[in-house]
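Heads up, the thing below is written out as structure tokens.
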Amino acid sequence: MKERITIFDTTLRDGEQSPGCSMNLEEKLRMAEMLDRMGVDVIEAGFPIASRGDFDAVQEVARSVKNAAVAGLCRAKKTDIEASAQALAPAKRRRIHTFISTSPLHMKFKLQMPPEAVLDAIAESVSAARNYTDDVEWSAEDGSRTEHDFLCRAVETAIKAGATTINIPDTVGYAVPEEYGALFRMLIERVPNADRAVFSAHCHNDLGLAVANSLAAVEGGARQVECTVNGIGERAGNAAMEEIVMALRTRHDKLSYVTGIDTTMIVKASRTLSAITGFNVQPNKAIVGANAFAHESGIHQDGMLKNAQTYEIMTPESVGLKRSELVMGKHSGRHAFKNKLKELGYDLGDNALEDAFKRFKDLADRKKDIFEEDIIALVDDEAVRGKNEKIRFVSLQVKAGSKRPQIAILEMAVDGKVKKSKATGNGPVDAVFRAIRNIYPHPDVWLKLYQVQAVTGGTDAQVEVTVKLDEEGIIVTGQSADDDTLVASCKAYIHALNKLIARRGREPHEAGP
Ligand code: KIV
Ligand code: ZN
């Protein structure tokens, strides 16, 4: 029988406290609704005494949440506890969360209170909170740096006063897993009536150990984990909810616990939070990063196509993604390229595929991000080119910029014979088109349309150029894609010219050189 771990989400309190993550009331409500739907057990909605805005947000969240308990944070002060109780009043299930520091450092410098006075404050604050609700959580701030004997006395005092959850935060992210897990074991063993409370882990990520410490605490006896979506929170953040939940789910062979979280909502929650705060997660962030289910290396892509379990320990569907992504880039292999073309509706023969693959590799060497549109443009460009073109692009060099004249030096093969021309023009495109006309004159043909379109984003975007040529009412369209606008322009023009030649069954102008 797997034991249930309570997920206490503090995105709206500890998460919101981090620089740049503040949320207004409407945003907190949106996030709370999402957390409630995904099955979070306790939503810590804010610190009601901190400001009018925080009070109102906690009150509105309390009013709107349907399933989860709603918690409000307060110091060990009557005014704080009253404010929390008032803000939480509309909640179906309310929890008052009161805290005080217990480490020698915090008691001496921050609180400037002797340990005995701290114990008194614990008893008073917890009893005061119990006047408003049966669900009272007490936290030992800087608990992981507290002397064990004193921590035992503090926890005993809190339980005696009526605390039903005992939270031992690693406030400054200092603990290591083995030590933090042992702390819970020690408390549960030594504190009288420890079984009357649920023990809780609350870990910060200063050493990147927040999730590992939380899992160690669970193994040490904690049955509540405090966490935030995307791991936002003070300094380096809190333990990330998605990582804890997916670790428990994926490694149930080692960690025999369950949560009530609908994991298929994880990505949605992560993206909602990013959209609200403007805080995007790093691409390689576990579970929710853009690369968490993306593969670029040819060897990995090949493995993925044969059996996804070769390189994925969770399914993308389990976190709410439609599928994994085989990212097309310079490391991709033929297998993945062919697969991508199939997905895009192209079924190329072996030779065409080989040509397209070479062009793709060329492009990938020059361009960092290859999007599906790049591949479509690249394959379409290949497909529209006939095998027996009269005119063939060889090379192009252009001098452009603010100093005139712009100059194009073009090498173009006509019937397999390479010719060269240097032309000037009113701008680089005009110079390029004049160079084409120099090598292959076609005076009766005029340019009806010239259009450039970026098919992907970024300064290294691939562009698609469309050229329409008109010869006595016969209109042809040429297209080309390249990451160099002038090369794409030149090739699009040549493409159109070849079509015109083929269409008329004769050269557009008799006087071809
Ligand atoms: O990190 C911490 O100690 C806290 C407490 C207030 C629970 O956030
Ligand atoms: Zn914290």
Side-chain angles (χ1 to χ4, degrees), residues 352 355-356 358-359 362-363 376-455 461-513:
D355 280 357
K358 272 194 203 116
R359 287 161 57 77
D362 268 5
L363 179 65
I376 292 169
L378 180 141
V379 176
D380 277 351
D381 188 43
E382 179 80 354
V384 292
R385 251 153 258 284
K387 285 273 170 268
N388 303 311
E389 293 162 337
K390 183 172 184 71
I391 303 169
R392 202 168 42 78
F393 172 87
V394 177
S395 77
L396 177 69
Q397 259 189 303
V398 178
K399 181 182 156 290
S402 59
K403 282 198 182 143
R404 285 170 187 272
Q406 284 82 12
I407 300 167
I409 301 167
L410 173 69
E411 281 186 310
M412 200 165 88
V414 180
D415 291 326
K417 228 168 123 193
V418 176
K419 301 185 176 199
K420 191 168 179 174
S421 170
K422 180 173 174 179
T424 56
N426 292 322
V429 177
D430 188 45
V432 171
F433 290 177
R434 279 172 195 256
I436 297 173
R437 283 175 187 268
N438 285 348
I439 296 176
Y440 194 87
H442 44 282
D444 298 332
V445 177
W446 65 280
L447 181 66
K448 200 172 158 65
L449 175 101
Y450 169 70
Q451 188 178 292
V452 182
Q453 200 184 2
V455 288
Q462 220 190 5
V463 295
E464 189 172 84
V465 175
T466 305
V467 164
K468 268 193 177 131
L469 296 179
D470 182 339
E471 188 193 36
E472 294 165 1
I474 295 189
I475 297 164
V476 288
T477 303
Q479 274 177 329
S480 185
D482 199 281
D483 54 0
D484 184 309
T485 308
L486 295 169
V487 171
S489 303
C490 185
K491 287 179 174 176
Y493 194 107
I494 293 171
H495 183 215
L497 205 50
N498 275 321
K499 273 184 165 178
L500 204 53
I501 294 165
R503 174 101 172 254
R504 299 210 98 198
R506 64 172 178 83
E507 295 175 3
H509 182 67
E510 306 303 323

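The structure presented is a predicted model; accordingly, all values stated were derived computationally and were not measured.
By the 4.5 Å heavy-atom criterion applied to side chains, V432 and L410 are not counted as neighbours. Side chains of S489 and V465 form a contact here, defined as non-hydrogen atoms less than 4.5 Å apart. By the 4.5 Å heavy-atom criterion applied to side chains, K420 and V394 are not counted as neighbours. Residues I436 and M412 are in side-chain contact: their nearest non-hydrogen atoms beyond the backbone lie under 4.5 Å apart. You'll find the side chain of L449 stays beyond 4.5 Å of the side chain of V467, heavy atoms only.
Within the model, atoms CD1 of I439 and NZ of K417 stand 12.5 Å from one another, a figure rounded to the nearest 0.5 Å. Distance check: K419 NZ to N438 CG gives 12.0 Å after rounding to the nearest 0.5 Å. Going from atom CG of L500 over to atom NE2 of H442 covers 8.5 Å, rounded to the nearest 0.5 Å. Rounding to the nearest 0.5 angstrom, the gap separating the CD atom in Q479 from the CD atom in E464 is 5.0 Å. Atom NZ of K399 and atom OG1 of T424 lie 10.5 Å apart (nearest 0.5 Å).
For the pair Q406 (side chain) and P428 (backbone), a donor-acceptor distance under 3.5 Å is absent. For D470 (side chain) and W446 (main-chain N/O), no donor-acceptor pair under 3.5 Å exists by modelled atom type.
Here the closest heavy-atom approach between residue N426 and residue R404 is recorded as CA-NH1, 3.9 Å. Here the closest heavy-atom approach between residue D483 and residue Q462 is recorded as N-CG, 4.0 Å. Annotation for S480 and A492: closest pair CB-N, 3.5 Å, computed over non-hydrogen atoms. When all heavy atoms of L396 and C490 are compared, the closest pair comes out as CD2-CB, 4.1 Å. When all heavy atoms are compared, the tightest approach of V445 to R437 is O-NH2, 3.0 Å. N498 and I391 get closest at one heavy-atom pair: ND2-O, 2.8 Å.
Residues forming a ring-ring contact (aromatic ring centres under 6.0 Å, His included) with F393 (at least two apart in sequence, or on another chain): none. Scored by the side chain to side chain contact (heavy atoms under 4.5 Å, CB included) test, Q397 finds I409 as partners (sequence neighbours excluded).
Residue-environment remark: CZ (R392) stays at or below the threshold of 12 foreign heavy atoms within 6.0 Å.
A salt bridge (Lys or Arg N to Asp or Glu O under 4.0 Å) check over residues 422-435, counting only residues at least two apart or in different chains, returns the pairs D430-R434.
In this pair, Y493 and F433 present their aromatic rings tilted. The plane angle is within the 30 to 60° band.
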